Amino acid sequence: MIHPGKLIVVEGIDGAGTTTQIERYAEHLRQKRRVVRITREPSQGPIGTMLRQALGGRVQLGRAHHSEIMALLFAADRLHHLATEIEPWLRDGAVVLCDRYDLSSIAYQTATAAAELLERVDFEAWVRTLNRFALRPDLTVIVNVTPAVAEARRRLRPGAPDIYEYSELQTKLASLYRDAERILPNDRIVHLDGDPSLDEVSAALSAVLDPFVLGQ
Ligand SMILES: Nc1ncnc2c1ncn2[C@@H]1O[C@H](COP(=O)(O)OP(=O)(O)OP(=O)(O)O)[C@@H](O)[C@H]1O
Ligand SMILES: [Mg+2]
């Protein structure tokens, strides 16, 4: 799809600060009078709603084939999210800031897949194939945070942890995110250090995104 907008994806482990940084950057763009839309995955649509219930442990999808089921649902949610929100906004010329995208699917579902499955099949490649109709982002920013730092931040947030918020998994995810260029070799990817203060990370994000979004 050719469009006048920009699709910018922000990724990171749980507690990396993606939601906070997206909100801050959107405000920065609004002050520059840019049309900006914030969205996230799982989406607000019907499949995304079910996924959020599964992540919160309110819906049980069972143990057998759990990662495969999640990968299929996330891929379905993504196509619905693209069709109903992201693509129309991009056609209108908006800057769309998306909190997680298919790199999350590849990382989280691969990191939780059964060991015997990973021995038999190239699970990462399968998840990529499921997402082959998903529009590629114009840019993906990965906020890399030390797992212990992210864990401390998660503790400050209200609400119970989701099914993926345990330290062994978060450490695996952090290393998969560092490997993003291998996982998505055709995508444009930038890494940011997310350990410093909110203001420092925001400044680094603006330094990366402003030339791309504002052309300066
Ligand atoms: N650089 C930072 N320094 C200190 N605190 C931070 C920083 N970034 C985020 N936080 C705080 O950490 C908590 C988690 O941040 P946030 O919700 O943005 O993370 P997230 O990456 O969106 O998490 P999730 O992936 O689970 O949605 C919030 O309370 C936020 O204010
Ligand atoms: Mg978040």
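Each ligand, and each atom within it, is numbered from 1 in the order the structure gives. Quick note: residue numbers are just sequence positions, from 1. Since we're looking at a predicted model, the values are computed, not measured.
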### Query
Who are the side chain to side chain contact (heavy atoms under 4.5 Å, CB included) partners of Ala125, not counting sequence neighbours?
Asp122, Arg128
### Task
Compare Thr20, Val149, Leu198 and give the one whose heavy atom is closest to atom 8 (N) of ligand 1.
Leu198
## Note on the structure
Going by the 4.0 angstrom heavy-atom rule, the piece of Gln21 near ligand 1 is neither
### Message
Under 2.8 Å from the Mg ion (ligand 2) - does any N, O or S atom of Thr19 fall there?
### Response
yes
#### Entry: Nearest protein heavy atom with distance in Å, relative to atom 19 (O) of ligand 1
Gly17 N, 3.2 Å
### Summary
Here the pair of heavy atoms bringing Arg153 nearest to Ala16 is NH1-O, 3.3 Å
### Query
Between Thr140 and Leu184, is any pair of side-chain heavy atoms under 4.5 Å apart?
no
### Query
Above 12 or not: heavy atoms from other molecules or residues under 6.0 Å from CZ of Arg182?
yes
### Contact check, Gly12 vs ligand 1, heavy-atom distance below 4.0 Å
no
### Task
Give yes if a backbone or side-chain nitrogen or oxygen of Pro196 is under 3.5 Å from a nitrogen or oxygen of ligand 1, and no if not.
yes
### Task
Would you sort out whether Thr39 and His81 count as a side chain to side chain donor-acceptor pair (under 3.5 Å), showing the intermediate values?
CA-CA 9 Å; Thr39 190; His81 187 202; 2.7 Å; yes
### Query
Is Thr19 close to ligand 1, meaning an N/O of one under 3.5 Å from an N/O of the other?
yes
### Query
With atoms numbered from 1 as shown, which atoms in ligand 1 lie under 4.0 angstrom from a non-hydrogen atom of Arg157?
14 (C), 17 (O), 23 (O), 24 (P), 26 (O), 27 (O)
#### Entry: Heteroatom proximity flag, Leu156 to ligand 1, N/O under 3.5 Å
no
### Query
Would one find more than 12 heavy atoms of other residues, nucleotides or ligands at under 6.0 Å from atom CD of Glu168?
no
### Query
Quick one: does ligand 1 sit under 4.0 Å from the side chain of Ala150, the backbone, both or neither, non-hydrogen atoms only?
neither
### Task
Using the side chain to side chain donor-acceptor pair (under 3.5 Å) rule, take Asn186 and Arg136 through it: C-alpha gap first, then chi angles, then the decisive distance, then the call.
CA-CA 9 Å; Asn186 299 319; Arg136 296 324 305 155; over 6 Å; no
### Query
Does ligand 1 have any atom that is closer than 4.0 Å to a heavy atom of Arg154?
no
### Query
Please state which protein non-hydrogen atom is closest to atom 25 (O) of ligand 1 and give its distance, to 0.1 Å?
Arg100 NH2, 3.0 Å
### Query
Between Glu11 and Thr18, is any side-chain donor less than 3.5 angstrom from a side-chain acceptor?
no
### Message
Can you confirm, on distance only, whether ligand 1 has an N/O atom lying under 3.5 Å from any N/O atom belonging to Arg153?
### Response
yes
### Task
Examine Phe74 and Ile69 and state if one hydrophobic cluster contains both, with Ile, Leu, Val, Met, Phe, Trp and Tyr joined whenever side-chain heavy atoms are less than 4.5 Å apart.
yes
### Query
Any side-chain donor-acceptor pair under 3.5 Å between Tyr166 and Thr171?
no
### Task
Decide whether an N or O pair under 3.5 Å exists between Thr18 and ligand 1.
yes
### Message
Please list, in number order, the atoms of ligand 1 under 4.0 Å from a heavy atom of Glu165.
### Response
26 (O)
